[in-house]
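Counting starts at 1 for both ligands and their atoms, following the listed order. All residue numbers in this chain count up from 1 along the given sequence.
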Amino acid sequence: MRIIKKFAQQFEKPEGFLGIIAGMLMSTVGTEKNRWTISLLNVRKDDNVLEIGFGPGIGIELTSKVIQDGKIFGIDYSEKMLQQAQKRNKDAIQKGQVELILTDVQNLPSFNLRFDKVFSINSIIFWEKPVETLKGIRELMKENGMIAITVQPFMKGATEETTKQLGTKIINHLKEAGYSDIKMEIKHMKPVATVCVLGVNI
Ligand SMILES: C[S@@+](CC[C@H](N)C(=O)[O-])C[C@H]1O[C@@H](n2cnc3c(N)ncnc32)[C@H](O)[C@@H]1O
């Protein structure tokens, strides 16, 4: 039982050997969620993009295939995930197209640009102060910049209803943080539906 609990914790902050396995699992089951989220954001080739909680770096990799003139930054506080994402995105990092930063989202760094698009997948549920953090992210965004927060519940017994409840919670967080034009999208995926909540920094 202890090993199962320890493995489950790896999705919050992957560490050590179990963290390596969790990262590998995320890269096999996470692609559909990443692809869908990025499509909803309508990423353009000159956008500057920020991903929070990049894990093994799938979202960063997919985004780097679209972006040509903009820059992609990623934040994650797990050293293991930083290593996996750096390996996956080696060429884009070398070209200067991608920059990955090891930090807690509660200590957002400053950037010498503003973001057109921000996304985060299966990470917000671990943030200690989601509303404060979303406010901080908004300050890093351009006017009319768009944010997408995606979650697929992975607790035992989760249903589509669980997904919708999580979506409603994220809508409220985004409203409280000052975002506008908030909308919720649901996609049927296995093993359970995934929600993406979008908002605009007006
Ligand atoms: C379940 S994984 C999802 C990874 C990736 N987004 C994906 O969909 O494959 C959650 C990620 O969020 C990161 N994370 C959680 N809380 C964080 C925080 N407070 N600051 C920075 N990263 C965080 C974890 O280290 C982990 O890489």
Asker: Can you tell me if T103 has a non-hydrogen atom under 4.0 Å from ligand 1?
Answerer: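 Yes, T103 has a heavy atom closer than 4.0 Å to ligand 1.
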Asker: Measuring only between side-chain heavy atoms, which start at C-beta, is L40 closer than 4.5 Å to E185?
Answerer: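 Side-chain contact under 4.5 Å: yes.
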Asker: Does an N or O anywhere in D104 fall below 3.5 Å from an N or O of ligand 1?
Answerer: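 Looking only at distances, the answer is yes, because the N/O contact criterion of under 3.5 Å is met.
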Asker: Are V192 and I186 in one and the same hydrophobic cluster, where Ile, Leu, Val, Met, Phe, Trp and Tyr link if side-chain heavy atoms are under 4.5 Å apart?
Answerer: no
Asker: Is there any N or O on D76 that sits under 3.5 Å from an N or O of ligand 1?
Answerer: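 N/O-N/O distance below 3.5 Å exists for this pair.
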Asker: What atoms of ligand 1 come within less than 4.0 Å of a heavy atom belonging to S123?
Answerer: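 The list of qualifying atoms is 12 (O), 13 (C), 14 (N), 15 (C), 23 (C).
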Asker: Give the atoms of ligand 1, by number and element, whose distance to some non-hydrogen atom of V105 is under 4.0 Å.
Answerer: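 Counting atoms of ligand 1 from 1, those under 4.0 Å from V105 are 18 (C), 19 (N), 20 (N), 21 (C).
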Asker: Judged by atom type as modelled, is there a donor-acceptor pair below 3.5 Å linking the side chain of K187 to the main-chain atoms of T194?
Answerer: no
Asker: For K33, which part has a heavy atom under 4.0 Å from ligand 1: side chain, backbone, both, or neither?
Answerer: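 None of K33 does.
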Asker: Counting each atom of ligand 1 from 1 as listed, which ones have a heavy atom of N122 under 4.0 Å away?
Answerer: 1 (C), 2 (S), 3 (C), 10 (C)
Asker: Are any side-chain N or O atoms of T162 and backbone N or O atoms of T159, one a donor and one an acceptor, separated by less than 3.5 Å?
Answerer: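 Yes; at least one donor-acceptor contact below 3.5 Å.
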Asker: Taking 4.0 angstrom as the limit and counting only heavy atoms of M81, give me the atoms of ligand 1 inside it, by number and element.
Answerer: 27 (O)
Asker: Hey, does E51 sit under 4.0 Å from ligand 1 if you only count heavy atoms?
Answerer: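 A heavy atom of E51 does come that close to ligand 1.
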Asker: Distance under 4.0 Å to a non-hydrogen atom of G55: what atoms of ligand 1 satisfy this?
Answerer: 4 (C), 27 (O)
Asker: Give every residue pair that meets the side-chain hydrogen bond (donor to acceptor under 3.5 Å, both in side chains) criterion with at least one member in residues 93-102, sequence neighbours excluded.
Answerer: K71-E99
Asker: Heavy-atom pairs closer than 4.0 Å: do any link ligand 1 to the side chain of N34, the backbone, both, or neither?
Answerer: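 The answer is the side chain of N34.
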Asker: Out of F54, F119, Y77, who is nearest to atom 14 (N) of ligand 1 when you count heavy atoms only?
Answerer: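 Nearest heavy atom to atom 14 (N) of ligand 1 lies in Y77.
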Asker: Check whether any side-chain heavy atom of F54 lies under 4.5 Å from a side-chain heavy atom of I121, and answer yes or no.
Answerer: no
Asker: May I ask you to decide if Q106's main-chain N or O and Y77's side chain share a donor-acceptor pair within less than 3.5 Å?
Answerer: no
Asker: Can you name the atoms of ligand 1, numbered from 1 with element, that are less than 4.0 Å from a heavy atom of S78?
Answerer: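 Result: 25 (O).
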Asker: Below 4.0 angstrom from a heavy atom of I121, which ligand 1 atoms are there? Numbered from 1 as shown, please.
Answerer: 3 (C), 5 (C), 6 (N), 8 (O)
Asker: For residues 88-117, pull every pair meeting ring pair (Phe, Tyr, Trp, His ring centres under 6.0 Å), keeping only residues two or more places apart or in separate chains.
Answerer: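 For residues 88-117, and leaving out neighbouring residues, the ring pair (Phe, Tyr, Trp, His ring centres under 6.0 Å) pairs sorted by first residue read F73-F111, F73-F115, F111-F115.
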Asker: Which residue, N48, T63, D47, N42, forms the side-chain hydrogen bond (donor to acceptor under 3.5 Å, both in side chains) with K117?
Answerer: D47
